[in-house]
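Comments concern the structure below.
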Amino acid sequence: MSEQRINKLTIKCAEVKDNSEQNRGGKFISILCQSKDDQPFDETGEAVILPSGKNLSIRNCENTTGGECILSLKGIHRKDIKRGNVIVPASFAVESGKDAFILLPSGKERHLKGNYFVEGGIFNDYNKRNNRPSASITFFGRVGVVRFFYPFPLVTGARYYISNENNRDLITPVTLIFPGALNQRESAQLSERILKFGGRPSLKALYSIILRIKHFVKLPVYLKDDEFDGSIRSGMFVVMSREYDRIKGALLKRTSVVGGVEEKKLCEQIKGDDILIHQVLGELLTNKVIV
């Protein structure tokens with residue numbers, strides 16, 4: 001997947017216009033929304049409401065006029081829905097995070113470390129009216145390490161727009177490449193390896209780099225069928241084979257003790273990332289390797 005393609009990723013979403021009851025007495029909550037895409041919003045199934053990040057289910061979508069639609073929702077209380085909230089299909093794996101990595105376009109001027117306004121991601125104008133900076137960003141070549149000041153919707157491969165707090169008129173489009181954090185050493189490794197691709201690695205190449213730095217990575221849904229050398233799959237996670245075997249062996253050894261071991265203590269006893277340990281343990285329990 002080329003850089004140009006991931007920069008043009010569009011996200012179907014609907015903005016809440018009116019959260020008063022549209023058809024009183026029904027089983028579901030019905031709200032009036034406005035499609036934020038050029039095409040009508042017609043999604044059903046699992047979804048996320050932002051910025052709260054609460055999960056819900058869209059049971060029906062009835063398009064009206066002018067890009068408006070009436071959504072029937074289940075799994076969320078009316079008090080949790082406000083005008084201006086955005087509903088996004090869960091298939092985009094939207095995460096609300098405080099750390100992320102972004103990629104600057106090729107040939108852009110050097111950006112300095114500082115506080116930045118961040119917009120877009122869900123749709124072009126998302127967060128545009130905010131009057132205070134969204135995050136601090138440190139740059140390693142074309143890669144920016146983002147530390148948000150508050151939870152912010154993150155979608156891998158989506159286009160965002162950044163502008164320095166001292167010059168908000170100079171807006172630069174960027175691509176979110178990784179929703180999460182790397183330490184300083186890992187960040188330096190990422191920047192160094194990106195340079196080996198001539199500054200234009202594909203999205204798969206970027207995830208391959210992060211995989212080898214962190215030993216595991218959670219893939220976005222549109223990379224779920226891609227293969228990575230020297231790794232194995234565990235759900236939406238890709239794990240370097242050696243790291244997976246190490247954690248699996250440690251889990252089997254400790255859970256073989258008479259009486260078992262509490263899950264929390266397992267994570268404390270095994271060296272590695274807690275998220276990865278929980279993922280491997282869950283897979284072993286599902287496959288009944290551990291009972």
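As a basis for the values below, the full set of heavy atoms in this structure was taken, side chains included, without hydrogen atoms, waters or symmetry mates. These numbers were taken from a predicted model, which means no experiment stands behind them.
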> Is the count of non-hydrogen atoms from other residues, nucleotides or ligands lying under 6.0 Å from Lys218 atom NZ greater than 12?
Replying inline: no

> Short question: side chain of Asn167, backbone of Asn164 - any donor-acceptor pair under 3.5 Å?
Replying inline: no

> Does Ile275 reach the side chain of Phe237, with side-chain heavy atoms less than 4.5 Å apart?
Replying inline: yes

>> Test side-chain contact (heavy atoms from CB on, under 4.5 Å) on Phe101 and Leu103; report intermediate values, then the result.
In response: CA-CA 7 Å; Phe101 280 73; Leu103 181 67; over 6 Å; no

>> Side chains of Ser52 and Asp80: any donor to acceptor distance under 3.5 Å?
In response: no

> CG/Leu284 to CG/Leu251 distance, rounded to the nearest 0.5 angstrom?
Replying inline: 6.0 Å

> How about Asp229: does its CG atom have over 12 heavy atoms from other parts shown lying under 6.0 Å from it?
Replying inline: no

>> Once rounded to the nearest 0.5 Å, what's the spacing between atom OG of Ser30 and atom CZ of Arg59?
In response: 12.5 Å

> What is the minimum heavy-atom distance between Glu243 and His215, and which atoms define it?
Replying inline: CG-CB, 3.8 Å

>> Any non-hydrogen side-chain atom of His111 less than 4.5 Å from a side-chain atom of Thr172?
In response: yes

> Taking all non-hydrogen atoms of both residues, which atom of Leu176 and which atom of Tyr160 are closest, and how far apart?
Replying inline: CB-CE1, 3.6 Å

> Of the non-hydrogen atoms in Ala100 and Phe148, which two are nearest, and what is the gap between them?
Replying inline: CB-CE1, 4.2 Å

> For the atom pair NZ (Lys128) and OG (Ser163), what is the distance rounded to the nearest 0.5 Å?
Replying inline: 10.0 Å

>> Set out, in order, the CA-CA distance, both residues' side-chain angles and the distance that settles side-chain contact (heavy atoms from CB on, under 4.5 Å) for Phe152 and Asn127, then state yes or no.
In response: CA-CA 9 Å; Phe152 197 91; Asn127 206 44; 3.5 Å; yes

> Could you state the interatomic distance from CG (Leu276) to CZ (Arg246), rounded to the nearest 0.5 Å?
Replying inline: 8.5 Å

> Going by heavy atoms in the side chains, are Met240 and Leu211 under 4.5 Å from each other?
Replying inline: yes

>> Within this structure, what is the OG1-CD distance for the pair Thr64 and Gln34, rounded to the nearest 0.5 Å?
In response: 8.5 Å

> With a 4.5 Å heavy-atom cut-off, do Lys98 and Pro151 have their side chains touching?
Replying inline: yes

Which donor-acceptor pairs under 3.5 Å do side chains of residues 117-126 form with protein atoms, sequence neighbours excluded?
none

>> Quick one, Ile162 with Val146, criterion side-chain contact (heavy atoms from CB on, under 4.5 Å). Give me CA distance, side-chain angles, the key distance, then yes/no.
In response: CA-CA 11 Å; Ile162 63 171; Val146 185; over 6 Å; no

>> Are there over 12 heavy-atom neighbours, none belonging to Arg168, within less than 6.0 Å of that residue's CZ?
In response: yes

> In Å, rounded to the nearest 0.5 Å, how long is the span from CD of Glu283 to OH of Tyr244?
Replying inline: 3.5 Å

> Quick one: are Ser35 and Cys69 in side-chain contact, heavy atoms under 4.5 Å?
Replying inline: no

> Is there a side-chain contact between Asp42 and Lys12, using heavy atoms and a 4.5 Å cut-off?
Replying inline: yes

>> Measuring only between side-chain heavy atoms, which start at C-beta, is Ile87 closer than 4.5 Å to Ile31?
In response: yes

> Stepwise, does the side-chain contact (heavy atoms from CB on, under 4.5 Å) test hold for Leu71 with Asn60?
Replying inline: CA-CA 6 Å; Leu71 301 184; Asn60 186 54; over 6 Å; no

>> On a heavy-atom basis, which atom in Glu43 and which in Pro89 lie closest, and how many Å separate them?
In response: CG-CG, 3.5 Å

>> Less than 4.5 Å apart, side chain to side chain, heavy atoms only: is that true for Ile81 and Ile29?
In response: yes

>> Are Phe139 and Tyr116, when compared by the centres of their aromatic rings, separated by less than 6.0 Å?
In response: yes

>> Could you check whether any side-chain N or O of Glu62 sits under 3.5 Å from a backbone N or O of Ser72, counting only pairs where one atom can act as donor and the other as acceptor?
In response: no

> So which heavy atom on Arg233 is nearest to which on Asp225, and how close?
Replying inline: NH1-C, 4.4 Å

> Ion pair present between Arg147 and Asp99, side-chain N to carboxylate O less than 4.0 angstrom?
Replying inline: yes

>> I need the minimum non-hydrogen distance between Ile58 and Leu73, along with the two atoms involved.
In response: CG1-CD2, 3.9 Å

> Counting only heavy atoms not in Ile232, do more than 12 fall under 6.0 Å of its CD1?
Replying inline: yes

> Does Thr286 use its side chain to pair, donor to acceptor, with the backbone of Gly282 at less than 3.5 Å?
Replying inline: yes

